[in-house]
Every structure is written in C-alpha cells, then in structure tokens.
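Have a look at the structure below, then the notes.
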Amino acid sequence: MTAIPYQVRAMLRTYGRQVTTARRLARYRRSLMAAGAEDEISISREAKRRELVGRVAAEIVENCIVTGSDTPVVEDIKAELEEELGYPLVFAYPPEDQEMQIFRADPENGHEELTGEVKTAVFQRLWELALEKVDATML
C-alpha cells in the first residue's frame, strides 16, 4: 500500500484543524471556569453587545488569522496592523505550543520571531483592531 501525497497533505491539514479547534475549546473552557460562567446575571443590551463583539474578535484572532483565512475582515485587520508596523507579519501556532507566535516576515533573511514587549504590543494592537473592526461591522 502506498501513500499518495495529496492524501497525506489532506490528512495533515485535517489534523491541524482538529488541533486548532481543540486549543480553542480548551481556552474557552478555561475562560468559562475563570469567569464563573455558571452564574446567570442579567446584563444590559450594551453589555451583551460588548460581550458578543469580544467573542467574535477572539474568534477572528484565535482562528481566522492563524489559519490564514482570507475573509475581508481578517484581511483588513492584518493590512492595517502591517501598515502601522511597517512590515509584514506571519501568525502561527506551533503544534506543541499553547501560545500564538508572531513573526516579522523578511523575504531576504527569513522570519524573525517577535518576543517580549514587542510581541505583547503587537498582540494588543491586533486585539484592539479586531475589536474595532467587529464593532464597526456589527449591526
């Protein structure tokens, strides 16, 4: 029996999606436990909207940007962030890590990983842009 490269790639792509989904579910469960989501609280319409905007923005940051989605919202966020920074970025989740890695894309020298305060600042700005974009596009 021989393995066809297409089938191997398809299997690895499916496995990668499952790993990404499992990570998101694990983070979601941890956030529910930390927030005490079992308690039901009546909140205002604006608070519900902010919560929904936060969830959609988290989905964009956690899933769409990392998996390379090419939706207009994701592309706008990435383009605006790259324009502000002045260089292209690559987002990745290594198979063994729980944390997103951000790389500065340099065609001549390869990718340089952003770490420390720079990574924190880029991630914070990414989050702010995602919140702004989602808030502007939601009815």
Q) To the nearest 0.5 Å, how far apart are CZ in R13 and OH in Y6? A) 6.5 Å
(Q) I need the minimum non-hydrogen distance between G54 and L131, along with the two atoms involved. (A) CA-CD2, 3.9 Å
Q. Within a reach of under 6.0 Å around CD of E83, are more than 12 heavy atoms found that belong to other residues, nucleotides or ligands?
A. no
Q) Around atom OH of Y87, are there more than 12 heavy atoms of other residues, nucleotides or ligands at under 6.0 Å? A) yes
Q) Salt bridge check: are R55 and E51 linked by an N-O gap of less than 4.0 Å? A) yes
Q | Distance, nearest 0.5 Å, that separates CH2 of W127 from CG of L81 | A | 14.5 Å
Q. How about E80 and D76: do any of their side-chain heavy atoms sit closer than 4.5 Å?
A. no
**Q.** Gap separating the CG atom of L52 from the CG atom of D135, nearest 0.5 angstrom
**A.** 10.5 Å
Q) Just by distance, do the side chain of E82 and the backbone of L89 share a donor-acceptor pair under 3.5 Å? A) yes
Q.
For E84, I'd like to know if atom CD has over 12 heavy atoms of other residues, nucleotides or ligands within 6.0 Å.
A. yes
Q. So does R125 pair up with E132, basic N to acidic O under 4.0 Å?
A. yes
Q) If you round to the nearest 0.5 Å, how far is CD1 of I77 from CD of E128? A) 12.0 Å
Q) Can you tell me how far the CG atom of L12 sits from the CD atom of Q7, to the nearest 0.5 Å? A) 12.0 Å
